[in-house]
Colleague: 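First the structure, which I've put down as structure tokens, then a few questions once you've had a look.
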Protein chains: 2
Amino acid sequence: MMSNPQAIPLEVPVRRKRNPRGSLNKEVILAEAFRLCREENLDELSMPKLAKRLGVGVTSLYWYFHTKDELLQAMLAQVSDEFLQALPDHSGLTWDEHFRRYFTDMRRIFLANDVISDFLVMYTHVSMIAPGGYFMSRLNREVGILMDAGLSPQDATRGYQAMSTYTTGTVQKIRQVRLRGENPNLKMFPVDDLPVMSAIGAEYPNLLLTSEFWHRTYSTDVDYEFGLNRIIEGLRSLIP
Amino acid sequence: MMSNPQAIPLEVPVRRKRNPRGSLNKEVILAEAFRLCREENLDELSMPKLAKRLGVGVTSLYWYFHTKDELLQAMLAQVSDEFLQALPDHSGLTWDEHFRRYFTDMRRIFLANDVISDFLVMYTHVSMIAPGGYFMSRLNREVGILMDAGLSPQDATRGYQAMSTYTTGTVQKIRQVRLRGENPNLKMFPVDDLPVMSAIGAEYPNLLLTSEFWHRTYSTDVDYEFGLNRIIEGLRSLIP
DNA sequence: ACCTGAACACCGTTCAAGT
DNA sequence: ACCTGAACACCGTTCAAGT
């Protein structure tokens, strides 16, 4: 045992060895932030966690992004791009078939990529898509297809918004269930529990009749397509 | 100046005077929690803030609610009740007129009460409505109206879900805009800025044609009703 | 049985450094 | 110009008390 006559603390705090000058930049921070979101989720993204994964001091991040919100905005821009790139482009289809494909594709992209959903449909503290070029050219094209089908400019706009809102609405419900860690395939009623179901059925006959069709998420793929087709048929009824 | 020979700290920490025994209970905590949510919003609800408003120690709250989530669940139960109470009951209407009223009423309640929206459409960490009595009797009734109109049990269920998802989808978009402190009436394009609009119009003619119809929230009241009517017309097309 | 503060591990962010 | 830790005001929650 060594004596310690001058009361110098035995445990000298281990100072992280200083990282070299150009080791950090916006790109590597963004990439690691996305990796974190993919492994956990957007709610779990924090500056300290991110810094630890990168092996840098927390405050180093603030040199590149002055606030967490600035980082989120940069992520949002990248996510919007990725989303629009992933959305396929069809041609030569009738207007109704076009929108069936367009929105089921959109929904598929959201459901296959939770980070995209979190940024583009769930969250609120990241402000909406800045009308950049590609986004506007898409909108221009889609609303044009509805006008070519015979809808007025106003009805075309409203029609697009209705299909879009319905689509993101189903995505939101599924994402909520996933975030809660519940099984998205769960039904709403205990259809296999016969005593319970017959008790329900005694009081609520229509729920017994429909019990197998209610899902926690409110929307299987075919349920979604049913709803989308209702909007499309409803739009068709406006065409002279 | 008084001397302080025994090094007793001059500033004795002001101890809060102990609150009497029965001063706190679940009801007053819940009431204050709702007041806080109404004045700020659900995101701003924290245990320390709530305790300070009640004039009690933070930890006192944990005697009545073991976690913050337990408090949120209790609030959710109360909010669900309030929501279902507020939702009017019609009768003697045709099925299509019934659902027009039912869902515009639902939307009106959400938009008039942000706390209800936050619990029932925005949030995710509070798990969904436990199928209590009144909720199930409502569902039983509504799906019955669709079946009476001539839809199959499956289509009736899907139809209800489509209208419901579309409705909460529009509410979510509006709440997001409000939470960001933006003006919900703002249009998407700067329609009054003629130079900018003509530049947009040169590249995106359909957006120029429809520019006045795009809103940040994606849904004015009439836009919403347009979409709802599309679903209703789409459902009508399934009736023999 | 009910109410209390101290304490802990987390946040986002600021600041005054070091190199 | 870039990287650093100490420090601050916030969280939710635990614990060992006090009455």
Side-chain angles (χ1 to χ4, degrees), chain A residues 9 11-30 32-33 36-37 39-76 123-127 179-180, chain B residues 9 11-30 32-33 36-37 39-76 123-127 179-180:
Chain A
E11 301 268 0
V12 180
V14 243
R15 264 201 181 295
R16 177 208 318 284
K17 70 168 190 291
R18 214 180 166 85
N19 286 315
R21 196 59 81 89
S23 57
L24 208 54
N25 58 59
K26 288 200 176 198
E27 286 67 38
V28 310
I29 295 172
L30 279 169
E32 194 61 42
L36 198 161
C37 285
E39 289 173 19
E40 314 198 32
N41 65 62
L42 183 48
D43 279 325
E44 294 299 319
L45 173 62
S46 83
M47 300 304 264
K49 265 191 199 171
L50 184 52
K52 188 167 284 174
R53 291 173 67 117
L54 287 161
V56 302
V58 205
T59 42
S60 305
L61 302 176
Y62 284 83
W63 179 261
Y64 297 95
F65 300 99
H66 299 81
T67 62
K68 184 183 179 183
D69 192 62
E70 239 177 59
L71 171 63
L72 291 175
Q73 294 302 332
M75 294 176 79
L76 173 64
Y123 285 94
T124 196
H125 44 261
V126 295
S127 67
L179 280 168
R180 268 187 262 115
Chain B
E11 301 269 358
V12 181
V14 242
R15 266 203 179 297
R16 178 208 319 284
K17 70 169 189 293
R18 216 181 164 83
N19 286 315
R21 195 59 81 90
S23 58
L24 208 53
N25 57 60
K26 288 199 176 201
E27 286 68 37
V28 309
I29 295 173
L30 278 169
E32 194 60 42
L36 198 162
C37 286
E39 289 173 20
E40 313 197 34
N41 64 63
L42 183 48
D43 280 325
E44 294 298 318
L45 174 62
S46 82
M47 301 304 264
K49 266 192 198 170
L50 184 54
K52 188 168 283 174
R53 290 173 68 118
L54 287 161
V56 303
V58 207
T59 40
S60 305
L61 302 176
Y62 283 84
W63 179 260
Y64 296 94
F65 300 98
H66 299 81
T67 62
K68 184 183 179 185
D69 193 61
E70 238 178 59
L71 171 62
L72 291 175
Q73 295 301 332
M75 293 177 80
L76 174 63
Y123 284 96
T124 193
H125 42 263
V126 294
S127 67
L179 280 168
R180 268 188 260 116

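Just so you know, these numbers use all the heavy atoms, side chains as well, and skip hydrogens, waters and symmetry mates. In the text below, chain A, chain B and the rest are named by the order of the sequence lines, each starting its count at 1. Since the model is a prediction, treat every value here as computed from it, not as a measurement.
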Colleague: Could you check which of D:dG5, D:dG12, D:dT14 has an atom nearest any side-chain atom of B:Met47?
Modeller: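 Taking heavy atoms from C-beta onward, the closest nucleotide is D:dG12.
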Colleague: Among the nucleotides C:dC11, D:dT13, C:dC3, which one has an atom lying closest to any side-chain atom of B:Ser60?
Modeller: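 Comparing C:dC11, D:dT13, C:dC3 against the side chain of B:Ser60, the answer is C:dC3.
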Colleague: Out of C:dT4, D:dC11, C:dC11, which has the shortest distance to the side chain of A:Lys49?
Modeller: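 Selected nucleotide: C:dC11.
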Colleague: Taking side chain as C-beta onward, heavy atoms only, is B:Leu72 less than 4.5 Å from B:Leu45?
Modeller: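 Side chain of B:Leu72 against side chain of B:Leu45, heavy atoms only: contact under 4.5 Å found.
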Colleague: Write down the partner of D:dG12 under the Watson-Crick or G-U wobble criteria, each distance required to be under 3.5 Å.
Modeller: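 D:dG12 is paired with C:dC8.
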Colleague: Please tell me if B:Thr59 has a side-chain N or O lying less than 4.0 Å from either OP1 or OP2 of C:dG5.
Modeller: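 Answer no for this pair, as no side-chain N or O of B:Thr59 is under 4.0 Å from OP1 or OP2.
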Colleague: Can you tell me the distance, in whole Å, between the NZ atom of B:Lys68 and the C1' atom of D:dT14?
Modeller: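 Interatomic distance, NZ of B:Lys68 to C1' of D:dT14: 17 Å.
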Colleague: Is any side-chain heavy atom of A:Leu50 closer than 4.5 Å to a side-chain heavy atom of A:Val58?
Modeller: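 With C-beta onward as the side chain, the pair stays apart.
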Colleague: Can you measure A:Leu61 atom CG to D:dC2 atom C1' for me and round it to whole angstrom units?
Modeller: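 Spelled out: CG on A:Leu61 to C1' on D:dC2 is 13 Å.
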Colleague: If you only use heavy atoms from C-beta on, which nucleotide in D:dC11, D:dT13, D:dC3 is closest to the side chain of A:Leu24?
Modeller: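 For A:Leu24, the side-chain atoms sit closest to D:dC3.
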Colleague: What is the distance, rounded to the nearest whole Å, between atom CG of B:Asp43 and atom C1' of C:dC11?
Modeller: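 One finds 15 Å between C1' of C:dC11 and CG of B:Asp43, rounded.
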Colleague: Flag the pair A:Leu54 / A:Ile29 as yes when at least one side-chain heavy-atom distance between them is below 4.5 Å, and no otherwise.
Modeller: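 SC-SC contact between A:Leu54 and A:Ile29 confirmed.
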Colleague: Mind checking if B:Leu45 touches a base, just sugar-phosphate, or nothing, with heavy atoms under 4.0 Å?
Modeller: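 Sugar-phosphate, no base atom in range.
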Colleague: Is the closest side-chain heavy-atom distance between A:Arg53 and A:Glu39 below 4.5 Å?
Modeller: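 Yes; the side chains approach each other to less than 4.5 Å.
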Colleague: What is the distance from CD of B:Glu70 to C1' of D:dG12, rounded to the nearest Å?
Modeller: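 The distance from CD of B:Glu70 to C1' of D:dG12 comes to 14 Å, rounded to the nearest Å.
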Colleague: So, is B:Tyr64 close to the C:dC3 phosphate, meaning a side-chain N or O under 4.0 Å from OP1 or OP2?
Modeller: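 The answer is yes; a side-chain N or O of B:Tyr64 sits under 4.0 Å from OP1 or OP2.
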Colleague: Once you apply a heavy-atom cut-off of 4.0 Å, does A:Leu50 come out as touching a base, just sugar-phosphate, or nothing?
Modeller: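 Result for A:Leu50 = nothing.
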Colleague: Which base, if any, makes a Watson-Crick or G-U wobble pair with D:dT19, both distances under 3.5 Å?
Modeller: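 The answer is C:dA1, by the H-bond criterion.
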Colleague: Nearest to the B:Trp63 side chain among C:dG12, C:dA1, D:dT4, which nucleotide is it?
Modeller: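 Given the options C:dG12, C:dA1, D:dT4, the side chain of B:Trp63 is closest to C:dA1.
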Colleague: Compare all side-chain heavy atoms of B:Tyr64 with those of B:Val28 and state whether any distance is below 4.5 angstrom.
Modeller: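 No, too far: nothing below the 4.5 Å cut-off.
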Colleague: Does the side chain of A:Asn19 get closer than 4.0 angstrom to OP1 or OP2 of D:dT4 through an N or O atom?
Modeller: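 For D:dT4, OP1/OP2 do have a side-chain N/O of A:Asn19 under 4.0 Å.
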Colleague: Send over the distance from A:Tyr62 OH to C:dG12 P, rounded to a whole Å.
Modeller: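 One finds 6 Å between P of C:dG12 and OH of A:Tyr62, rounded.
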Colleague: Salt bridge check: are A:Lys49 and A:Glu32 linked by an N-O gap of less than 4.0 Å?
Modeller: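 Here A:Lys49 does not pair with A:Glu32 in a salt bridge, since their nearest N and O are not under 4.0 Å apart.
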Colleague: Quick one: on DNA chain C, does A:His66 or B:Ser23 contact a more 5' nucleotide (nearest heavy atom)?
Modeller: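 The residue closer to the strand's 5' end, by nearest nucleotide, is B:Ser23.
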Colleague: May I have the distance from B:Lys52 (atom NZ) to D:dC11 (atom P), rounded to whole angstrom?
Modeller: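 Value for this atom pair: 8 Å.
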Colleague: Does A:Ser46 reach a base, just sugar-phosphate, or nothing at all? Heavy atoms under 4.0 Å.
Modeller: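 It contacts sugar-phosphate atoms only.
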Colleague: Rounded to whole angstroms, how far apart are CG on A:Asn25 and C1' on D:dA1?
Modeller: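 To the nearest whole Å, that distance equals 14 Å.
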Colleague: Rounding to a whole Å, what distance do you find between B:Leu71:CG and D:dC11:C1'?
Modeller: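 To the nearest whole Å, that distance equals 15 Å.
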